[in-house]
Amino acid sequence: MIEWLGKNLKKVEYMGRHFEVRAAAMAKTSAANAKLYSRHSKEIYVAAKSGEPDPDMNQTLKKAIERAKANNIPADVIKRAIEKAKGGSTENYSSATYEGFGAGASTLIIECLTDNQNRTIADLRTAFNKSHAKLGVSGSVSFNYQHLGNIIIAYTDEETMLDTLIMADVDVKEIEVQGENMQILVEPSDLYKAKEAIDELIPGVTYDTLELAMLPNEYCRLEGEDMVLFKRLLTLLDDVDDVQNVWHNVENVNEE
C-alpha cells in the first residue's frame, strides 16, 4: 500500500502558484447576486431542456444543480429554472467561448450562453473597444490556460484528502491549504468523482467552490492606467447578459 501510494503521489503536479493569487485571478462576472442567479438559472434551464428535466435521470442537470447549490443559489431559483424547461419554453441557448487581450499583458477567456450569437459578439466587441482591448481568435489565449476541476472547501488535512482522492482514482493536479480552506484542482472529467469521494470523507461538507475552471499558466500585474482599463473591461463584461464566466491572468485585480 505504501509503495502504491508513493508511486501515485507523483501524479500530483504542483504548479507553484499561491492560493490567494489564484483565487483573485479567477474573478468571474458573477459578483452580484442577480448575475449569479441568472448565470445558474440559464445553465440549469439548458441542462433540463437537453434531456429529462429530472436530475435523477439527467446527469448534466444533476451536475448543474450541484454547482448552483455550491454557489448558494436558493432552491426556488433552481426550481423555477427547471419548471421553465418543463413548461416548453422556446428559448434555445448555445455555448460560445471567446478570447481576448486586455491592457498590458492581460488576457481573458469569456464563456457565454446565448440565443443570438450576433448580439453577443457585438456586445463583447463594444466592451473591448471601450477598454482599449481587442478580441482574439480561437486559441490565441487559451493555449496558455489549463482546463481544470476546481474545488474549495473548509478542510486542512492535505494528506488525508490526497490519499482519499487517489484511492478514488481521481487525477489530482494540486492540493493547497490556505488558512482553514483547501483548494483542490483535478482533471475536469474527475470533478464529480472527486466530489463523491469528498462527500464520503466529510459528510455534510459545504462547497465554497465546485466548478470547471480555466486557470492561467502565468500571471501578470497591472498598474496605473492599465489597471483602470482592465477593471473597466471587467465591469462592461459583467453588464453583458450572455456572459457566464470570465477567466483572466491578472493577479492583483482585487488589490486596493
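This structure is a prediction, so every number in the text was calculated from the model and none was measured.
A donor-acceptor contact closer than 3.5 angstrom is absent between the side chains of Tyr98 and Thr120.
Summarising the geometry, atom CG belonging to Leu113 is positioned 12.0 Å from atom CG belonging to Asn92; distances are rounded to the nearest 0.5 Å. Between atom CD of residue Glu158 and atom CD1 of residue Ile184 there is a gap of 9.5 Å, rounded to the nearest 0.5 Å. In this structure, the separation between OG on Ser95 and CD on Gln244 is 10.0 Å, given to the nearest 0.5 Å. Rounded to the nearest 0.5 angstrom, Thr206 OG1 and Tyr155 OH are separated by 14.5 Å. To the nearest 0.5 Å, atoms CE (Met167) and CG (Asp169) are separated by 10.5 Å. Rounding to the nearest 0.5 Å gives a distance of 9.5 Å between CG of Leu201 and CG of Asp163.
Remark: the backbone N or O of Asn217 is not paired with any side-chain donor or acceptor of Asn144 at under 3.5 angstrom. Using modelled atom types, one side-chain atom of Asn249 and one backbone atom of Ala105 make a donor-acceptor pair closer than 3.5 Å. Proximity of a side-chain donor or acceptor of Glu99 to a complementary backbone N or O of Val141 within less than 3.5 Å is detected. Asp171 contributes no side-chain N or O that, together with a main-chain N or O of Asp190, makes up a donor-acceptor pair within less than 3.5 Å.
When each of Thr209, Asp208, Asn150 is checked for a side-chain hydrogen bond (donor to acceptor under 3.5 Å, both in side chains) with Gln183, only Asn150 meets the rule. The side-chain contact (heavy atoms from CB on, under 4.5 Å) test with His132 singles out one residue from Leu233, Leu229, Asp226, and that residue is Leu229. Of the candidates Ile153, Ile198, Leu191, Ile152, Leu191 is the only one forming a side-chain contact (heavy atoms from CB on, under 4.5 Å) with Leu210.
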Yes or no on side chain to side chain contact (heavy atoms under 4.5 Å, CB included) for Leu234 and Leu108, after CA distance, side-chain angles and deciding distance?
-> CA-CA 10 Å; Leu234 292 184; Leu108 306 93; 4.0 Å; yes
What's the verdict on salt bridge (charged side-chain N to carboxylate O under 4.0 Å, His left out) for Arg80 and Glu83, showing C-alpha distance, side-chain angles and the deciding distance?
-> CA-CA 5 Å; Arg80 283 200 301 270; Glu83 291 301 318; over 6 Å; no
Evaluate the side chain to side chain contact (heavy atoms under 4.5 Å, CB included) criterion for residues Leu124 and Cys112: first the C-alpha distance (whole Å), next the side-chain angles of each, then the deciding distance (0.1 Å), finally the verdict.
-> CA-CA 10 Å; Leu124 293 181; Cys112 300; 4.3 Å; yes
Take Leu61 and Glu52 through the test side chain to side chain contact (heavy atoms under 4.5 Å, CB included) and record every step on the way to the result.
-> CA-CA 8 Å; Leu61 176 58; Glu52 291 292 329; over 6 Å; no
Report the C-alpha distance between Val240 and Asp238 in whole Å, list the side-chain angles of each, state the deciding distance to 0.1 Å, and finish with yes or no for side chain to side chain contact (heavy atoms under 4.5 Å, CB included).
-> CA-CA 6 Å; Val240 178; Asp238 191 45; over 6 Å; no
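Residue Met227 is not grouped with residue Leu236 when hydrophobic side chains (ILVMFWY) are merged at heavy-atom distances under 4.5 angstrom, including chains of intermediate members. By the criterion of side-chain heavy atoms lying less than 4.5 angstrom apart, applied directly or through intervening Ile, Leu, Val, Met, Phe, Trp or Tyr residues, Leu237 is not grouped with Val228; the two fall into different hydrophobic clusters. The cluster map of Ile, Leu, Val, Met, Phe, Trp and Tyr, joined by side-chain heavy atoms under 4.5 Å apart, puts Ile202 and Val170 in the same cluster. Hydrophobic clustering (side-chain heavy atoms under 4.5 Å, transitive across Ile, Leu, Val, Met, Phe, Trp, Tyr) keeps Tyr45 apart from Ile65. When hydrophobic clusters are built by joining Ile, Leu, Val, Met, Phe, Trp and Tyr residues whose side-chain heavy atoms come closer than 4.5 Å, directly or via intermediates, Val186 is grouped together with Tyr207.
The shortest distance between side-chain heavy atoms of Arg119 and Asp115 falls below 4.5 Å. Residues Lys173 and Gln146 fail the side-chain proximity criterion, which asks for heavy atoms closer than 4.5 Å. Between Leu222 and Lys231, the closest side-chain pair of non-hydrogen atoms is not below 4.5 Å. Within the 4.5 Å cutoff, side-chain heavy atoms of Asp199 are placed close to those of Val205. Side-chain contact check for Tyr192 versus Arg67: some heavy-atom pair is nearer than 4.5 Å. Between Met182 and Thr156, every side-chain heavy-atom pair lies at or beyond the 4.5 Å cut-off. Residues Ser94 and Gln117 form a side-chain contact, since some pair of their non-hydrogen atoms from C-beta on lies under 4.5 Å apart.
Smallest separation of non-hydrogen atoms from Thr107 and Phe101: CG2-CD2, 4.0 Å. Listed here is the closest heavy atom pair of Ile151 and Ala194: CD1-CB, 3.9 Å. What you find for Ala81 and Ile44 is that their closest heavy atoms are CB-CG2, 3.8 Å. Minimum interatomic distance between Met214 and Trp247 (heavy atoms only, all atoms of both residues): O-CB, 3.4 Å. The shortest non-hydrogen separation linking Lys69 to Ile78 is CG-CD1, 4.0 Å. Heavy-atom minimum distance, Ser106 versus Phe230: OG-CD1, 3.5 Å.
Heavy atoms from other residues, nucleotides or ligands lying under 6.0 Å from CD of Glu200 number 12 at most. Heavy-atom neighbours of Lys62 NZ from other residues, nucleotides or ligands within 6.0 Å: at or below the threshold of 12. For Lys84, the NZ atom sits in a packed shell: over 12 heavy atoms of surrounding residues, nucleotides or ligands are nearer than 6.0 Å.
At a threshold of 4.0 Å, the pair Glu196-Lys193 does not count as salt-bridged, since none of the basic side-chain nitrogens sits closer than that to a carboxylate oxygen.
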